[in-house]
Protein chains: 2
Amino acid sequence: MADEDDEGGEGGEGGGTGLPASLEMAWGLRERPGKGPRPTLTLPRIVETAVTLAAGEGMDAVSMGRVAKELGVSTMSLYRYVTAKEELYILMSDAGVGAPPALPPEADGWGWRELLSQWAFDQRAVLMANPWILRIPITGAPVSPNQLAWMERGLAALADTGLGEGEKISTIILIGGLVRNEATMAADMMDAIVKSGVSPDQVLGQYVRTLRLMTGPDTHPAVTRLLESDAFTGSDEPDFQFRFGLNRILDGLATRVASGRTDGDPGPGPGPGPRPGGV
Amino acid sequence: MADEDDEGGEGGEGGGTGLPASLEMAWGLRERPGKGPRPTLTLPRIVETAVTLAAGEGMDAVSMGRVAKELGVSTMSLYRYVTAKEELYILMSDAGVGAPPALPPEADGWGWRELLSQWAFDQRAVLMANPWILRIPITGAPVSPNQLAWMERGLAALADTGLGEGEKISTIILIGGLVRNEATMAADMMDAIVKSGVSPDQVLGQYVRTLRLMTGPDTHPAVTRLLESDAFTGSDEPDFQFRFGLNRILDGLATRVASGRTDGDPGPGPGPGPRPGGV
DNA sequence: CTCTTCTGTGTAAGTAATACACAGAACTAG
DNA sequence: CTAGTTCTGTGTATTACTTACACAGAAGAG
């Protein structure tokens with residue numbers, strides 16, 4: 001596993017953005033040099049093909065060879081458009097999330113809470129409609145057009161909260177993480193259901209049954225209480241977990257906004273008072 | 001589900017837990033049948049070797065072949081102890097997180113907030129000390145001993161909050177997700193620093209410089225405001241993001257606990273009032 | 001002592017990412 | 001028009017990885 005030469009790492013020339021060529025392409029910088037033979041493919045077509053494949057057969061089906069076959073070209077030709085598989089993944093992600101949807105007209109009078117809530121639900125809807133996105137590991141900070149558009153929308157929702165910029169971006173990351181986590185768990189569940197061929201209740205039931213065998217009131221009193229409750233059986237509110245988490249965060253944010261505090265102290269560390277954290 | 005021959009997917013015999021053999025072993029069920037030749041290896045030794053490797057060279061270095069080589073055995077011999085690589089990963093995770101540390105003596109008088117905060121900080125410390133754990137994708141609900149011990153500890157912190165069991169587990173998942181997200185971002189950053197060989201400030205600076213080129217006050221006003229602030233440069237508080245997120249969640253939880261509400265309504269959906277979510 | 005069961009192992013199949021060099025296309029400079 | 005330049009798609013080959021399968025031999029059971 002040799003490492004790159006020096007040069008920071010990322011792509012060589014281009015607009016000096018430090019981004020790989022394919023991403024500069026996605027931003028509309030860098031047009032095609034009119035020199036060589038006309039390309040058979042285009043980046044959008046490659047990405048679209050890969051996305052279709054991912055949507056249809058899951059992310060596991062997306063290999064360079066497979067995408068190339070789908071396009072009717074050789075595997076290596078893809079590397080004329082993308083320098084590594086991971087780069088294709090980034091472009092797929094960007095295409096998959098798309099641009100954030102327009103706000104409904106009545107959003108005019110909304111405050112930050114409604115805007116942020118809508119932002120979270122919109123994002124979640126996109127992820128649940130394209131679960132393969134969740135199988136692409138996040139490699140770094142967002143740099144693609146649509147990802148940044150979502151970030152813009154999120155930050156904009158917090159514009160008039162009086163929060164500091166550091167707090168705003170922290171909030172966006174916090175809620176974005178929540179959305180992704182919850183969507184991932186839902187997708188995992190869905191996968192388990194599909195793979196085992198049984199119903200959601202049965203999957204959950206099997207899990208509860210397994211836990212019952214490993215735990216007991218002596219060693220795991222709190223878990224036992226959980227298992228004895230109807231928390232797993234009562235599936236009346238499928239969104240419960242997501243909505244609960246989101247609303248707790250929004251509540252906490254409301255406290256902060258009302259307090260008029262900006263940056264500075266994020267809040268105490270572990271335990272009561274200032275103590276260095278455990279372990 | 002007592003009967004079966006197709007048997008869904010998981011392991012065949014054993015304690016009827018539905019868990020693979022290696023995991024039952026980790027729970028102490030299932031002892032070695034005294035029949036065949038004495039095994040050269042033990043599961044703990046394999047896991048320990050893999051963990052050492054992961055800690056030293058990163059998760060990428062952990063392949064079945066490499067672990068076997070490290071142990072001085074053939075690749076295939078590992079499959080006598082583990083049915084798939086993913087199973088080894090689960091065991092590595094469990095070993096990596098270890099048992100939750102003992103609470104400090106003064107924790108006796110702590111309330112749920114302090115207990116939960118300590119829980120989060122403890123978990124974060126473990127992940128930051130063993131960042132390779134973060135490279136193991138989560139495949140399903142926790143079933144290994146230490147994972148469950150952490151879950152027990154988390155639920156126990158919420159014991160006297162009056163929250164419903166569904167709310168408790170949602171809270172644990174929420175905060176667990178936060179911890180993992182933040183630790184993963186920190187680890188990603190660390191990786192970027194190591195790979196590029198430059199300082200954290202330079203990595204952040206490069207990112208800001210890149211964003212400046214793609215965004216502008218017209219298309220991305222909120223992002224522009226962020227970039228013009230000192231949110232990225234002022235690295236006075238390295239923990240800021242984590243503490244901010246955690247304390248916002250705890251604040252929101254405090255509101256909920258004080259309100260005396262239990263299960264039932266997790267809170268509203270997107271937008272003001274009951275509206276079906278967007279897109 | 002024989003049988004059964006379990007061990008470690010070699011071999012090989014299948015998949016995957018990607019480095020490298022080459023033939024030929026399309027444009028540009030003269 | 002011609003030569004040169006640059007860019008295209010491609011075949012080949014390398015490296016690495018997971019895992020199915022069958023076999024030889026060890027250790028206890030009867």
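Letters go in sequence order (proteins before strands), and every chain restarts at 1.
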Rounded to whole Å, the CG-C1' distance (Leu88(B) to dC17(D)) equals 14 Å

key: Test item: Trp119(B) side-chain N/O and Trp150(B) main-chain N/O as donor-acceptor pair under 3.5 Å   = yes

| said: Counting the atoms with a prime plus P, OP1 and OP2 as sugar-phosphate, which does Ser74(A) contact under 4.0 Å by heavy atoms, base, sugar-phosphate, or nothing? | reply: base

Residues at least two apart in sequence or cross-chain that pass side chain to side chain contact (heavy atoms under 4.5 Å, CB included) with Asn146(B), listed by chain then number, are Asp94(B), Val97(B), Ala99(B)

Applying side chain to side chain contact (heavy atoms under 4.5 Å, CB included) to Met185(A) and not counting sequence neighbours gives Gln241(A), Ile173(B)

Arg66(A) atom CZ is separated from dT15(C) atom C1', nearest whole Å, by 13 Å

Atom OH of Tyr89(B) and atom C1' of dT18(D) are separated, to the nearest Å, by 10 Å

- Between Ser77(B) (side chain) and Val73(B) (backbone), is there a donor-acceptor pair under 3.5 Å? no

message: One thing to verify: whether Arg135(A) and Asp191(A) come together as a salt bridge, which I'm taking to mean a side-chain N less than 4.0 angstrom from a carboxylate O.
response: yes

In B/S/- notation (B base, S sugar-phosphate only, - none; protein heavy atoms under 4.0 Å), nucleotides 20-30 of chain C written 5' to 3' is BB--BBBSS--

Expected list for residues 53-63 of chain A near DNA chain D, using heavy atoms below 4.0 Å, is none

Whole-Å distance, Leu78(A) CG to dG11(D) C1', equals 15 Å

From NZ of Lys85(B) across to C1' of dA20(D) the rounded distance in Å is 17 Å

Rounded to whole Å, NZ of Lys69(A) lies from C1' of dA16(C) at a distance of 13 Å

From CE of Met64(A) across to C1' of dT14(D) the rounded distance in Å is 17 Å

Taken in chain and number order and not counting sequence neighbours, the residues that satisfy side chain to side chain contact (heavy atoms under 4.5 Å, CB included) with Thr40(A) are none

Q. Can you check side-chain contact (heavy atoms from CB on, under 4.5 Å) on Thr17(B) and Trp27(B), steps first, answer last?
A. CA-CA 11 Å; Thr17(B) 59; Trp27(B) 278 100; over 6 Å; no

* For dG9(D), take OP1 and OP2 only and decide whether either is under 4.0 Å from a side-chain N or O of Tyr81(A). => yes

Tyr79(B) atom OH is separated from dC17(D) atom P, nearest whole Å, by 12 Å

Those residues at least two apart in sequence (or on a different chain) that pass side chain to side chain contact (heavy atoms under 4.5 Å, CB included) with Ile193(A) are Met189(A), Pro200(A), Val203(A)

Would you mind checking if Lys195(A) and Asp188(A) are paired as a salt bridge, meaning a charged N to carboxylate O distance below 4.0 Å?
-> no

